[in-house]
Structures are given as C-alpha cells and as structure tokens.
Protein chains: 2
Amino acid sequence: MARETPLIQDVADYCLQKGFRFTEPRQFVLDIIARSKKPIGAYEVLEKLGKKLKNPKPPTAYRAIEFLSEHGFIHRIESLNAYIICQSDHLHKGSQFMICDQCGTVLETHLCDLPEPLVKKTRDAHFHLTRWNVELHGICQTCYKPV
Amino acid sequence: MARETPLIQDVADYCLQKGFRFTEPRQFVLDIIARSKKPIGAYEVLEKLGKKLKNPKPPTAYRAIEFLSEHGFIHRIESLNAYIICQSDHLHKGSQFMICDQCGTVLETHLCDLPEPLVKKTRDAHFHLTRWNVELHGICQTCYKPV
DNA sequence: TTTGATTTGTTACAATATAACATTTTAATA
DNA sequence: TATTAAAATGTTATATTGTAACAAATCAAA
Ligand SMILES: [Zn+2]
Ligand SMILES: [Zn+2]
Ligand SMILES: [Zn+2]
Ligand SMILES: [Zn+2]
C-alpha cells in the first residue's frame with residue numbers, strides 16, 4: 001500500500017524500528033481516525049473500514065484500535081466511547097482533552113507533567129502513578145455565544 | 001422505608017429541600033453503591049437491586065444512577081464503566097480519582113479548583129469549562145511491592 | 001377530586017466490546 | 001528451501017453496557 005501521509009510514514013517507521021507489522025487493518029484504521037475531525041466510535045471506524053477491506057468484523061477494528069492506542073498514536077476519549085488521533089506527537093504518559101459538549105470537537109493539549117496539586121495528592125496517598133487522563137468538558141470558542 | 005445511614009439521611013434532606021422524590025429505587029441504588037468498596041457496574045447494581053425490588057429492569061437502575069449522578073451523590077468512573085459514591089461531600093464541578101489497576105480500589109480526592117496549568121490551557125483556547133474529570137491510573141499503596 | 005408533573009414499570013432494542021478458535025502471514029531457523 | 005513458531009487476522013458467536021418508547025402509577029397542588 002502506498003504511504004499517503006507523513007503520519008502514516010511516521011507510524012510505518014515506528015513499526016519498522018520496533019519490529020511490529022504495519023498491516024492493512026492498522027494502516028486503514030489509522031487513516032480513518034486521522035481524517036476524522038472529531039472523535040470517532042469503533043463502529044463508525046468499522047463501517048468506513050468496510051470501504052477498504054471486504055466485510056470486516058468488529059474484532060478487526062478493535063484490534064487495530066488497541067494496537068494504535070497502546071503505542072500512543074490514538075487516544076480513547078473515555079467519556080465519549082470514541083477515538084481520536086494523537087495531537088501531541090504520541091508517547092506521553094498523560095492526556096488532557098477539551099471536549100466541546102455542543103459541537104463535539106476535541107482539542108488535545110499536552111502537559112509534560114501532571115500538575116503539582118495532583119502530584120501532591122498521589123504522593124500523600126502513596127499512589128504509584130502510571131498514566132493519567134483528563135477530560136475537560138465545556139463549550140469551545142466557536143460555539144460560545146455570550147449573552 | 002427506614003433511614004439507615006447518615007448518607008441516606010443527607011440525600012433525603014437534600015431531596016426534601018429541593019422538591020425531589022427520594023423513592024425506593026433511588027434509596028436502594030444509593031445504598032448499594034455506598035456499600036460497595038469499589039466502583040460497581042450498572043448491571044451489578046441491578047442484580048443487587050433485585051434483592052429489594054421485584055424483578056427490576058435496566059432502566060430502573062440506570063434512572064436512579066442518573067439521578068444520583070446528576071445531583072453529585074455518586075460519580076461515574078469513565079474508564080471503568082462503573083459508579084462510586086462521592087467521597088468528597090458532593091456538589092463539585094470537578095472530580096479526580098486514583099484508580100488502582102491491580103486491586104480496583106478507587107480513591108476520590110478533592111481540589112476546589114482545576115490546577116493552574118490546565119486552567120491556562122483552557123484560557124489559551126478560549127474554552128468555557130463547565131466540568132472536569134481526572135482519572136489517575138496506577139498502583140495503590142497496599143498493592144505496591146518495591147523490587 | 002381533578003389535574004398535571006414526576007417517576008416508575010415494561011418491552012424491546014441499540015451500541016459497545018470481547019471470547020474462542022481457525023487460518024494466514026511473516027521472518028527466523030534448520 | 002522446507003520447517004517452524006510467533007504474530008496477526010478472519011470468523012462466529014456472544015457478552016456487556018446503555019437507551020427509546022409508551023403505559024401505568026404516584027404525588028402534590030389547584
Ligand atoms: Zn496524544
Ligand atoms: Zn464547539
Ligand atoms: Zn465527589
Ligand atoms: Zn491496589
């Protein structure tokens with residue numbers, strides 16, 4: 001398959017480097033999620049995947065999603081049961097998203113470290129942090145209409 | 001029904017004050033979630049509810065969950081599809097949880113305000129924040145075994 | 001005691017996700 | 001090159017989580 005975008009190339013390189021196979025389902029699912037402006041559900045991915053593969057079933061979509069997610073190329077938005085391309089150059093322990101509850105747009109922001117007040121909470125509780133996920137809900141600039 | 005715990009009494013008072021009905025499904029579901037040491041799924045709530053009500057169906061559990069959640073007495077842990085009693089005296093815009101991926105225990109902590117680095121992100125994006133949810137994954141003190 | 005709002009009961013189904021096992025692909029090994 | 005074992009996919013079936021729609025009951029106010 002022809003490599004279509006820089007992102008596809010990046011993931012191809014990553015897989016080559018790490019010895020993973022960048023198979024058709026993985027490429028197509030990455031492309032589908034990357035092209036989506038908003039978080040996209042697994043079954044919508046599956047439906048679009050059907051234009052590229054012959055009659056794919058849920059596990060095909062879910063496995064590719066799992067692979068891409070494990071390696072940080074996409075993220076799951078937990079409060080939406082949906083997936084979005086990493087907008088912060090993958091491989092980070094924490095994610096933070098601003099989710100517009102009106103138009104559905106999601107903006108990922110990157111903080112290298114968890115903010116100190118939260119770190120303090122984990123220290124106080126002797127909690128050994130491995131990853132974090134922050135989902136901020138509200139109204140985006142475009143949707144916001146002051147009264 | 002007899003009022004069993006201070007929490008039940010608190011919610012009863014709140015409902016009286018606000019003009020909501022603190023019906024049996026709501027009381028029982030609150031009690032079930034409050035007694036659970038760990039986040040509990042809707043269908044497990046439903047199963048336990050079956051010991052109190054005659055053959056309840058999913059909407060009965062989900063409606064009570066929705067009510068209690070809307071009014072801040074319980075929270076949904078998005079990454080677990082499960083519900084937990086509010087450990088921070090309800091009515092807060094933001095939640096933060098430490099989730100032990102080994103034993104499943106969840107500890108809620110309270111920050112009155114979103115940490116400044118995150119507030120700055122929302123300001124920069126002109127994002128109008130309404131609520132936030134922070135889910136910290138890791139290993140709790142009890143489960144942690146240093147090498 | 002009628003009325004209207006709130007809440008629940010009930011049926012059916014939608015949406016999301018995974019278990020289990022057969023088959024194929026791939027690259028390393030013999 | 002033929003063999004093998006790991007990785008990945010195909011396929012079938014099903015589990016899990018959540019909701020739409022409408023009828024019936026409850027409750028408090030008019
Ligand atoms: Zn990212
Ligand atoms: Zn918006
Ligand atoms: Zn709380
Ligand atoms: Zn633990």
Side-chain angles (χ1 to χ4, degrees), chain A residues 1 11-12 14-33 36 38-50 52-71 73-84 104, chain B residues 1 11-12 14-33 36 38-50 52-71 73-84 104:
Chain A
M1 180 210 178
V11 181
Y14 174 89
C15 288
L16 197 60
Q17 177 116 25
K18 297 271 188 170
F20 300 116
R21 298 185 209 163
F22 195 34
T23 58
E24 285 207 323
R26 291 173 179 177
Q27 291 181 44
F28 292 143
V29 167
L30 177 70
D31 190 59
I32 288 163
I33 295 175
S36 176
K38 297 175 184 178
I40 180 173
Y43 277 75
E44 198 183 339
V45 169
L46 180 61
E47 187 224 306
K48 290 184 191 299
L49 191 57
K52 298 279 193 169
L53 297 177
K54 156 178 125 190
N55 196 24
K57 303 293 188 304
T60 299
Y62 276 103
R63 284 167 181 157
I65 286 170
E66 184 183 24
F67 174 83
L68 295 168
S69 184
E70 275 173 355
H71 297 284
F73 296 108
I74 65 173
H75 302 298
R76 174 179 166 83
I77 308 294
E78 298 285 358
S79 56
L80 302 176
N81 294 340
Y83 306 88
I84 193 167
Chain B
M1 177 207 180
V11 181
Y14 174 90
C15 288
L16 196 60
Q17 178 114 26
K18 297 272 187 169
F20 300 116
R21 297 185 209 164
F22 194 35
T23 59
E24 285 208 323
R26 291 172 179 177
Q27 291 182 43
F28 292 143
V29 167
L30 176 71
D31 191 59
I32 289 163
I33 295 175
S36 176
K38 298 174 182 178
I40 181 174
Y43 277 76
E44 197 183 340
V45 169
L46 181 60
E47 187 224 307
K48 289 184 190 300
L49 191 57
K52 299 280 195 168
L53 297 177
K54 157 178 126 191
N55 196 23
K57 303 293 188 304
T60 299
Y62 276 103
R63 284 167 181 157
I65 286 169
E66 184 184 23
F67 175 82
L68 295 168
S69 183
E70 275 173 355
H71 297 285
F73 295 108
I74 66 173
H75 302 298
R76 176 179 165 83
I77 309 294
E78 299 286 357
S79 56
L80 302 176
N81 294 342
Y83 307 87
I84 194 168

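Labels below follow one simple rule: chain letters A, B, ... track the order of the sequence lines, proteins then strands, and each chain is numbered from 1. All values derive from a computational prediction rather than experimental measurement.
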A:Lys57 (side chain) donor-acceptor with A:Asn55 (main chain) under 3.5 angstrom: yes
Ring centre gap for A:Tyr14 and A:Phe22 strictly below 6.0 Å: no
For B:Tyr62, ring pair (Phe, Tyr, Trp, His ring centres under 6.0 Å) partners two or more places apart: none
Whether B:Phe20 and B:His71 hold their rings parallel, tilted or perpendicular, with breakpoints at 30° and 60°: tilted
For atom CD1 of A:Ile40 and atom C1' of C:dT16, their distance in whole Å: 14 Å
Value in whole Å for how far the C1' atom of D:dT9 lies from CZ of A:Phe20: 17 Å
Atom CD of A:Gln17 with >12 non-hydrogen neighbours under 6.0 angstrom: no
Closest non-hydrogen atom pair, B:Ala82 against B:Gly41: CB-N, 4.1 Å
Stretch residues 54-63 of chain B: residues that reach within less than 4.0 Å of DNA chain C through a heavy atom: B:Lys57, B:Pro59, B:Thr60, B:Arg63
Heavy-atom closest contact (B:Ile33 atom, B:Ile84 atom, distance): CG2-C, 3.7 Å
5'-most by nearest nucleotide on DNA chain C - A:Ala42 or B:Thr23: B:Thr23
Integer-rounded Å distance: C:dA17 P and A:Glu44 CD: 13 Å
Ring-base stacking, B:Tyr43 with D:dT16 (5.5 Å, 30° cut-offs): no
Any residue meeting side chain to side chain contact (heavy atoms under 4.5 Å, CB included) with A:Glu44, in chain and number order, not counting sequence neighbours: A:Ile40, A:Lys48
Test item: B:Arg26 side-chain N/O and B:Phe67 main-chain N/O as donor-acceptor pair under 3.5 Å: no
Footprint string (nucleotides 22-30 of chain C, 5' to 3'): B base within contact, S backbone only, - free, heavy atoms under 4.0 Å: ---BS----
B:Asn81 to B:Arg76 - nearest heavy-atom pair and separation: OD1-NH2, 2.8 Å
Rounded distance (Å) that lies between atom C1' of C:dT6 and atom CD of B:Glu24: 17 Å
Interface residues of residues 73-82 of chain A with DNA chain C (non-hydrogen, below 4.0 angstrom): A:Arg76, A:Asn81
Axis bend over the full length of the helix from C:dT1-D:dA30 to C:dA30-D:dT1, computed from five pairs that close each end, to 10 degrees: 10°
Over all atoms of both residues, closest heavy-atom pair of B:Ala61 and B:Ala42: CB-O, 4.2 Å
Whole-Å distance separating the CZ atom of B:Phe22 from the P atom of C:dT7: 13 Å
Whole-Å distance separating the CZ atom of A:Phe28 from the P atom of D:dT9: 12 Å
Distance, rounded to the nearest Å, where B:Gln27 contributes CD and C:dT7 contributes C1': 14 Å
Closest non-hydrogen atom pair between A:Ile32 and A:Val45, with its separation: CD1-O, 3.8 Å
Closest heavy-atom pair and its distance - A:Leu80, A:Pro39: CD1-CG, 4.0 Å
d(CD, B:Glu66; P, D:dG18) in whole Å: 12 Å
Within the 6.0 Å centroid threshold, strictly below: A:His75 and A:Tyr83: no
